[in-house]
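Proteins come first, then strands; the chains are lettered A, B, ... in the order of their sequence lines, and each starts at number 1.
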Number of protein chains: 2
Amino acid sequence: MSLKYAVLAALLEGEASGYELSKVFDVSLANFWPATPQQLYRELERLAQDGLIEARVVQQERRPNKRLFTLTDAGRGELTAFAAEPTRRPTALRDELLIKIQAMDGTDPEVTRALVEERMSWARGKLARYERVRDRLLDGRTEEEYLREADRIGPYLTLMGGIAFESENVRWCERVLAILGRRVPLS
Amino acid sequence: MSLKYAVLAALLEGEASGYELSKVFDVSLANFWPATPQQLYRELERLAQDGLIEARVVQQERRPNKRLFTLTDAGRGELTAFAAEPTRRPTALRDELLIKIQAMDGTDPEVTRALVEERMSWARGKLARYERVRDRLLDGRTEEEYLREADRIGPYLTLMGGIAFESENVRWCERVLAILGRRVPLS
DNA sequence: CACACCTACTCAACAAATTGAGTATCCCAT
DNA sequence: ATGGGATACTCAATTTGTTGAGTAGGTGTG
């Protein structure tokens, strides 16, 4: 149900094709509403049928044609209505690694170390990507200036959330590695 | 696919009924693998059929009978094998509130404030519950002592993750509220 | 000049998650 | 004495999410 609004929110940034959205959902929105390309195409179809978005086909020369989608007034309306509704479920984190950590006693600690290290470097990479998005948003201004001047601060606040989340993730990994290291000194 | 292992991991704590598990999945495991009671009952059925857990029916006097499930050796084996496998997808955070924040420009800032405040007090509540679980685990010992003595540290490390996650959540809410407050001074 | 990867999707099948109702007993407070 | 909540589930329908294959031209790399 919420993917619908995630897509509408993504289209606030302007016209986009399904393919472009699938990229966006991989970098910025991926932080709080992951979706596969297939889900997006299906959702776009539905939204277009419901008149919340409009499609126009763009003929292209040396690549397949694409359909660009734009928010309609109706879509914009539904989105702002949604944004004012009370939130039903709060954060839901689904993390396979944490299941493995929960069940780690009884497995080789070195294997667990490796899993945590992999996660840590992944989180660092994501953090770096977020920081780049941040720099592009700020565009030389300080955060203060940006928040005063910008007409849309929503995307900045969610990005801030993503950055906070991933750096906490990295810190957690570091702590876990420290603890594992104390338990099983490197031989 | 992972719910299976989440359930097996939960049963490491000992025998439990579906009903009891649905409580556990609401407090501790909810942090990294949410599941509804219906999902759990179905999963338990499947796991019992596959011989990974065993059920025994306990007759009760003044309440409905219950089925208590225990890990079998096969179940324990599958779980430890899983715990050593590389993790496919990393963290996926799904947060409806962040969609609303992303789309907040164009809605009444006071409404957004209220949404964030609600989330903050919810996160504080969750944090308090985690802290209580932590105190019960530590049982008077310091973290150092616990980590040296305890034979299972997995649950402590995941709990640490939950605490880190929720306190970061609270901090994010505070920052957002501060920014909203500057933009829209309370009249 | 072969091979992999990028754009830009569609189709189909399946697995997992959500929602809502239904059953039946007991305890506690108003 | 009546209503609400807790225990302890089951059944069914629907919506979401995932996986894998297929199409088809274009670009870049060794």
Rounding to an integer number of Å, can you tell me how far [X] [atom1] sits from [N] [atom2]?
{"X": "A:Leu3", "N": "C:dA16", "atom1": "CG", "atom2": "P", "answer": "20 Å"}
{"X": "B:Tyr41", "N": "D:dA8", "atom1": "OH", "atom2": "P", "answer": "8 Å"}
{"X": "B:Leu44", "N": "D:dC9", "atom1": "CG", "atom2": "P", "answer": "9 Å"}
{"X": "A:Glu45", "N": "D:dG17", "atom1": "CD", "atom2": "P", "answer": "17 Å"}
{"X": "B:Gln39", "N": "D:dG17", "atom1": "CD", "atom2": "C1'", "answer": "12 Å"}
{"X": "A:Asn65", "N": "D:dT23", "atom1": "CG", "atom2": "C1'", "answer": "14 Å"}
{"X": "B:Met1", "N": "D:dT18", "atom1": "CE", "atom2": "P", "answer": "14 Å"}
{"X": "B:Leu40", "N": "C:dA17", "atom1": "CG", "atom2": "P", "answer": "10 Å"}

Can you identify which nucleotide, out of [options], has its nearest atom closest to the [X] side chain?
{"X": "B:Gln38", "options": "D:dT10, D:dG17, D:dA8", "result": "D:dT10"}
{"X": "B:Arg46", "options": "D:dC9, C:dA16, C:dA8", "result": "C:dA16"}
{"X": "A:Pro64", "options": "D:dA24, D:dT18, D:dC9", "result": "D:dA24"}

OP1 or OP2 of [N] under 4.0 Å from side-chain N/O of [X]:
{"X": "B:Thr36", "N": "C:dT19", "result": "no"}
{"X": "A:Arg63", "N": "D:dT23", "result": "no"}
{"X": "A:Tyr19", "N": "C:dT7", "result": "yes"}
{"X": "A:Ser17", "N": "C:dC9", "result": "yes"}
{"X": "B:Arg94", "N": "C:dA17", "result": "no"}

### Query
For B:Glu20, does the CD atom sit with more than 12 other heavy atoms under 6.0 Å from it, leaving out its own atoms?
yes
### Query
Any side-chain heavy atom of B:Thr36 within less than 4.5 Å of one from B:Ser22?
no
### Query
If we only count heavy atoms from C-beta on, is the B:Leu79 to B:Leu52 side-chain gap below 4.5 Å?
no
What is the nucleic acid contact for [X], judged by heavy atoms within less than 4.0 Å: base, sugar-phosphate only, or nothing?
{"X": "B:Ser22", "answer": "nothing"}
{"X": "B:Arg67", "answer": "sugar-phosphate"}
{"X": "B:Lys23", "answer": "sugar-phosphate"}

### Query
In terms of side-chain geometry, is the basic nitrogen of B:Asp95 or B:Arg119 positioned less than 4.0 Å from the acidic oxygen of its partner?
yes
### Query
Between B:Arg124 and B:Glu166, is there a salt bridge with N-O shorter than 4.0 Å?
no
### Query
Hey, which of these two, A:Gln60 or A:Arg42, hits DNA chain C nearer its 5' end, going by closest nucleotide?
A:Gln60
